[in-house]
Amino acid sequence: MTVPYNFPHSAYAADLQRAWEHLAPGEESATNVAVAGRVMLLRTQGRLAFATMRDSSGEIQLFALADATERFEEFAHLHLGDWVGVRGEVVRTKRGELSVKVATWEVLASARHNFGDKWAGIADFDLRYRHREADLWANEKSRASLARRSEVVRALRERCWAAGFVEVETPILNPIPTGAAARPFVTHHNALDSEFFLRIAPELWLKRLVVGGFERVFELGRVFRNEGVSPRHNPEFTMLELYAAYWDYQDMMSFTEELVAGVALDVLGTTDLVYQERTVSLAAPWPRRTMAELASEAVGEDVSAHTPRERLVALLDERDVEVQPSWGAGRCLAELFEVSAEESLWSPTFVTEFPVEVSPLARRHRDDPALTERFESYLVGRELSNGFSELNDPEDQRERFEEQARLAASGDEEAMRIDEDYIRALEWGLPPTAGLGVGVDRLAMVLADESNIREVIAFPTLKPLRG
RNA sequence: GCGCCGGUAGCUCAAUUGGCAGAGCAUUUGACUCUUAAUCAACAGGUUCCGGGUUCAAGUCCCGGCCGGCGCACCA
C-alpha cells in the first residue's frame with residue numbers, strides 16, 4: 001500500500017481538548033482541523049465507528065460515519081496502532097466525547113505488530129527495553145519518565161547558561177582514560193594505529209579549557225565505564241560537568257544546591273517531592289557534614305583520616321570489608337563511610353573533606369594536608385554529585401599521579417595514569433577553580449520517581465541476543 | 001563476575017501431586033447509527049526460551065546454555 005509522503009497537520013489533540021472544552025454534547029464547532037496520530041482503540045457500531053487517536057500531546061476521539069466518512073468500511077477495519085491522518089470538523093458527541101468527525105482520512109503507516117494488551121500494556125522488561133518504541137505507546141509511564149528526563153536536561157542546561165557557563169564539547173576518544181576511578185572501554189583507531197579509550201570523565205579537558213581562559217565551562221555528555229550493570233548503573237551514562245574559575249568548593253556547594261533545587265522547581269514546580277513513597281525536600285541550603293563526622297556517628301566512635309590505620313582496619317573487619325594492603329588510613333576512612341553512613345543519607349546532604357588518598361585531582365585542604373577540599377552530595381541514599389576545589393599545583397598533581405601509578409602497579413585496575421599533557425597544562429597556570437560533576441540519570445530518576453535507571457534511558461545497554 | 005527468582009499464543013496471564021496446554025485482549029469473519037477497555041457471535045492462533053536427561057507420561061523434575069528482574073560486588 002502506498003502511503004502519503006506528508007500530511008498537512010493543523011492541530012494537536014491536547015490543544016483541541018483545551019480549545020473546545022466548553023463545546024456542549026451534540027454540538028458541532030463548524031471548525032475543520034487536520035490531526036494525526038495512532039489509533040489506540042477502535043469501537044465500531046454498524047454504520048458508525050469511534051477510534052481513540054493518540055498523538056504526542058494526548059488523545060482525541062475520531063468519529064466516523066458511513067454517510068459522512070470516505071472509505072468508511074476501510075476505516076472501520078483499521079488496526080490498533082495504525083498511524084492515521086484525519087480531516088474533519090471538531091464536534092462533541094451526544095455522549096460528551098470531543099471528537100473529530102472524519103470527513104477524509106489516510107493511513108500514514110500501518111502497524112504490523114500490536115502494542116500489547118490494550119489494558120495491561122507490555123510488562124515484559126526484555127520486550128520493553130529492546131523495543132522501546134512499542135513500550136512508549138503501550139505504557140504511558142514509560143513516555144512520561146523519558147519526557148521528564150528531557151525536561152531535567154533542558155533545565156540543567158538553561159540554568160548553566162543563565163549562570164554564565166559556556167557549553168563545550170571535549171573528546172570522547174581519549175589516549176588515556178582519566179578524570180575518575182573506573183575501568184574504561186578500549187577501542188582502536190586504524191589510521192593512527194593507536195589504542196583509544198572511551199572517556200570515563202571529561203574532567204581534565206574541561207580544566208584545560210579553564211587554563212585557556214574559558215572561566216566558566218560545562219559539558220553535558222555521555223561517559224562510559226566498563227563496570228557492572230545494575231538498577232542504578234548503565235555502562236554509558238550522562239554527566240554534567242562544570243568548572244568555575246575563582247570559586248572554591250564552598251562556592252560550588254552553594255551553586256550545586258541551587259542548581260538541583262532550581263531544576264526541581266523548573267520541572268515539577270516544587271522542591272518537595274515524593275520518591276518511592278518517601279518524602280524528600282531538595283530546598284537549599286543542604287547540610288554540609290564532614291566525612292569524618294558522619295563516619296564517627298555511624299560507627300559510634302571518633303574516626304578521621306588521622307585515626308591509626310589499624311583501628312580503621314579493625315572497624316572495617318567488623319563490617320566484613322576486605323581491606324587491601326595498599327589502603328592507607330584515608331582510603332580506609334572513605335570505605336568506612338561508604339559502608340556505614342552512605343545509605344542513610346536520604347535528604348540531600350553534602351559530605352565534605354575527603355581524604356587526599358581517594359581524591360587525586362582535588363586540592364589539598366587549606367587546614368589539613370591529609371584532606372582535600374572535596375564534597376559529594378548524597379540524595380535518597382545515593383551519590384548525586386561530586387566536586388572540589390581543583391588541584392592546580394603541577395608538582396602536587398604529579399605526585400598524586402605517581403601515587404596512582406604505584407596503586408596501578410600493585411593491581412588496582414581503577415587507578416589513574418600519569419597524564420603528562422595535563423601536568424604541562426597546569427604549568428601554564430590554572431587559577432583557583434572549583435568543579436562539579438552531576439549524575440544526570442540519577443537526578444532524572446529522582447525527579448521521575450523511578451527506581452531503575454533504565455526507565456530514564458531510552459535505550460539502556462542490554463546484552464545482545466545470540467544463540 | 002557471584003547468588004536468588006523468572007521465561008507458557010502477538011500482548012497480559014492461568015494450568016492441582018508429573019497425567020488431554022487454557023482464558024481475556026489483539027488478529028480474521030459476521031451483527032450492530034453515539035461508543036468509551038463498547039457489546040454480541042464465530043473461526044483461527046503453541047518448538048511451553050534453547051539443548052540434553054529421568055519417566056509409561058515433563059510446561060511441571062534433573063543437568064547445561066541463552067535472556068531478563070532483584071540482591072551482592074564495582075561504581076555515578
Side-chain angles (χ1 to χ4, degrees), chain A residues 25-26 39-52 59-69 72 76-82 91-99 101 111-131 134-135 137-139 179-183 200-201 222-241 320-322 335 338-339 342 358 376-379 382-387 412-414 436-445 451-454 460 462-467:
Chain A
V39 173
M40 301 309 293
L41 298 169
L42 186 61
R43 300 171 288 278
T44 64
Q45 172 101 20
R47 293 167 61 76
L48 297 180
F50 303 89
T52 301
E59 295 184 346
I60 192 163
Q61 179 167 269
L62 305 178
F63 177 27
L65 302 87
D67 296 339
T69 301
F72 173 81
H77 282 83
L78 282 167
H79 291 172
L80 301 192
D82 285 345
V91 301
R92 193 174 290 281
T93 59
K94 290 175 192 168
R95 294 293 177 88
E97 189 72 34
L98 190 73
S99 307
K101 191 167 129 186
R112 299 184 194 189
H113 306 288
N114 74 26
F115 285 89
D117 186 277
K118 68 187 180 186
W119 191 242
I122 298 174
D124 183 70
F125 287 102
D126 209 21
L127 181 57
R128 287 188 51 226
Y129 297 146
R130 287 188 198 280
H131 288 285
D135 173 47
W137 288 100
N139 301 307
R183 292 160 70 173
I200 57 177
R222 209 72 60 84
V223 296
F224 308 84
R225 298 189 184 176
N226 206 337
E227 289 160 354
V229 175
S230 88
R232 285 164 293 282
H233 300 86
N234 199 60
E236 51 179 301
F237 63 100
T238 300
M239 182 115 92
L240 168 67
E241 276 208 18
D320 297 322
V321 177
E322 197 185 332
E335 296 286 336
E338 281 177 29
V339 297
E342 179 175 320
V358 296
E376 285 186 352
S377 71
Y378 284 82
L379 176 60
R382 306 197 281 256
E383 187 185 339
L384 175 69
S385 72
N386 177 25
D412 185 344
E413 292 185 74
E414 290 167 6
L436 173 70
V438 179
V440 173
D441 313 82
R442 291 275 176 88
L443 181 58
M445 285 170 71
S451 62
N452 189 326
I453 197 169
R454 290 177 160 186
L462 295 172
K463 197 161 180 174
L465 295 173
R466 56 178 164 234

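To find a chain, count down the sequence lines: A is the first, B the second, and so on, and within it residues start at 1.
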message: The criterion is side chain to side chain donor-acceptor pair (under 3.5 Å); which residues satisfy it with A:Asn234, sequence neighbours excluded?
response: A:Thr461

query: May A:Trp119 be described as stacking on the base of B:rA37, applying a 5.5 Å centroid limit and a 30° limit on plane angle?
result: yes

- request: Tell me which nucleotide among B:rC34, B:rA76, B:rG68 gets nearest to the side chain of A:Phe125.
  value: B:rG68

- request: Quote, to the nearest angstrom, the P distance that separates B:rG18 from B:rC62.
  value: 10 Å

- prompt: Think A:Arg112 has a side-chain N or O under 4.0 angstrom from the OP1 or OP2 of B:rU27?
  reply: no

- prompt: On a whole-Å scale, what distance lies between the P atoms belonging to B:rG59 and B:rU8?
  reply: 15 Å

- prompt: What residues form a salt bridge (Lys or Arg N to Asp or Glu O under 4.0 Å) with A:Lys118, not counting sequence neighbours?
  reply: none

field: Close side-chain approach of A:Val229 and A:Arg454, heavy atoms under 4.5 Å
entry: yes

- request: Name the nucleic acid region contacted by A:Pro25, choosing base, sugar-phosphate or nothing; use a 4.0 angstrom heavy-atom cut-off, strictly under.
  value: nothing

- request: For nucleotides 5-12 of chain B, just jot down a letter per nucleotide in 5' to 3' order: B, S or -, based on protein non-hydrogen atoms under 4.0 Å.
  value: -----BBS

task: Have a look at A:Glu414 and say if it touches a base, only the backbone sugar-phosphate, or nothing, with a 4.0 Å heavy-atom cut-off.
output: sugar-phosphate

message: According to side chain to side chain donor-acceptor pair (under 3.5 Å), who are the partners of A:Arg92, at least two apart in sequence or on a separate chain?
response: none

- request: Among B:rU27, B:rC74, B:rC34, find the nucleotide with the atom closest to the side chain of A:Thr93.
  value: B:rC34

task: Give A:Ser230 one of three labels, base, sugar-phosphate or nothing, depending on what nucleic acid heavy atoms sit under 4.0 Å from its own.
output: base

task: With heavy atoms under 4.0 Å as the rule, sort A:Asn386 into base, sugar-phosphate or nothing.
output: nothing

field: Set of side chain to side chain donor-acceptor pair (under 3.5 Å) partners for A:Ser377, sequence neighbours left out
entry: A:Ser385

task: Report the distance from atom CG of A:Leu48 to atom C1' of B:rA31, rounded to the nearest whole Å.
output: 14 Å

query: Does a nitrogen or oxygen in the side chain of A:Arg47 sit under 4.0 Å from OP1 or OP2 of B:rC34?
result: no

- request: Would you tell me if any nitrogen or oxygen in the side chain of A:Arg225 comes within less than 4.0 Å of OP1 or OP2 on B:rC74?
  value: no

message: Can you check the distance between B:rG51 and B:rU12, where both ends of the measurement are the C1' atom (answer in whole Å)?
response: 29 Å

Interatomic distance at C1', B:rG3 relative to B:rA76, whole Å: 24 Å

query: Could you state the interatomic distance from OG1 (A:Thr69) to CZ (A:Arg47), rounded to the nearest 0.5 Å?
result: 11.0 Å

field: Nucleotide opposite B:rC20 in a Watson-Crick or G-U pair, distances under 3.5 Å
entry: none

query: How many Å lie between CD on A:Glu97 and C1' on B:rU36, as a whole number?
result: 6 Å

- request: Sticking with atom P, work out how far B:rC13 lies from B:rU17, rounded to a whole angstrom.
  value: 22 Å

- line: For A:His131, the side chain to side chain donor-acceptor pair (under 3.5 Å) test, sequence neighbours excluded, returns A:Glu133

query: Looking at residues at least two apart in the chain, or sitting in another chain, which of them share a side-chain contact (heavy atoms from CB on, under 4.5 Å) with A:Asp412?
result: A:Arg331, A:Leu407, A:Glu414, A:Ala415

- request: Flag the pair A:Asn114 / A:Leu80 as yes when at least one side-chain heavy-atom distance between them is below 4.5 Å, and no otherwise.
  value: no

query: When the distance from CD of A:Glu241 to P of B:rA76 is rounded to whole Å, what number comes out?
result: 11 Å

message: Applying side-chain contact (heavy atoms from CB on, under 4.5 Å), can you list everything that pairs with A:Gln61, at least two apart in sequence or on another chain?
response: A:Arg43, A:Phe50, A:Thr93, A:Glu97, A:Ser99

Produce the list of close N/O pairs, under 3.5 Å, pairing protein atoms with atoms of nucleotides 38-41 of chain B; give distances to one decimal.
unit_1, atom_1, unit_2, atom_2, d
B:rA38, OP1, A:Lys118, NZ, 2.6
B:rA38, OP2, A:Arg43, NH1, 2.9
B:rA38, N7, A:Thr44, O, 3.3
B:rA38, N6, A:Thr44, O, 3.0
B:rA38, N1, A:Gln45, OE1, 3.3

Nucleotide forming a Watson-Crick or wobble pair with B:rC61, both distances under 3.5 Å: B:rG53

field: Pairwise C1' distance, B:rC43 and B:rA31 [rounded to whole Å]
entry: 15 Å

query: Does A:Thr238 have any side-chain contact (heavy atoms from CB on, under 4.5 Å) partners at least two apart in sequence or in another chain, and if so, which?
result: A:Arg149, A:Leu220, A:Arg222, A:Val440, A:Asp441

Could I get a table of every N or O pair under 3.5 Å where one atom is in the protein and the other is in nucleotides 28-30 of chain B?
unit_1, atom_1, unit_2, atom_2, d
B:rU28, OP1, A:His79, NE2, 2.5

- prompt: For A:Ala68, which residues count as a side-chain contact (heavy atoms from CB on, under 4.5 Å) partner, sequence neighbours excluded?
  reply: A:Leu65, A:Lys101

- request: Return no unless some side-chain N or O of A:Asn234 is found under 4.0 Å from OP1 or OP2 of B:rA76.
  value: no

- request: Pick base, sugar-phosphate or nothing for A:Arg130, based on heavy-atom distances below 4.0 Å to the nucleic acid.
  value: sugar-phosphate

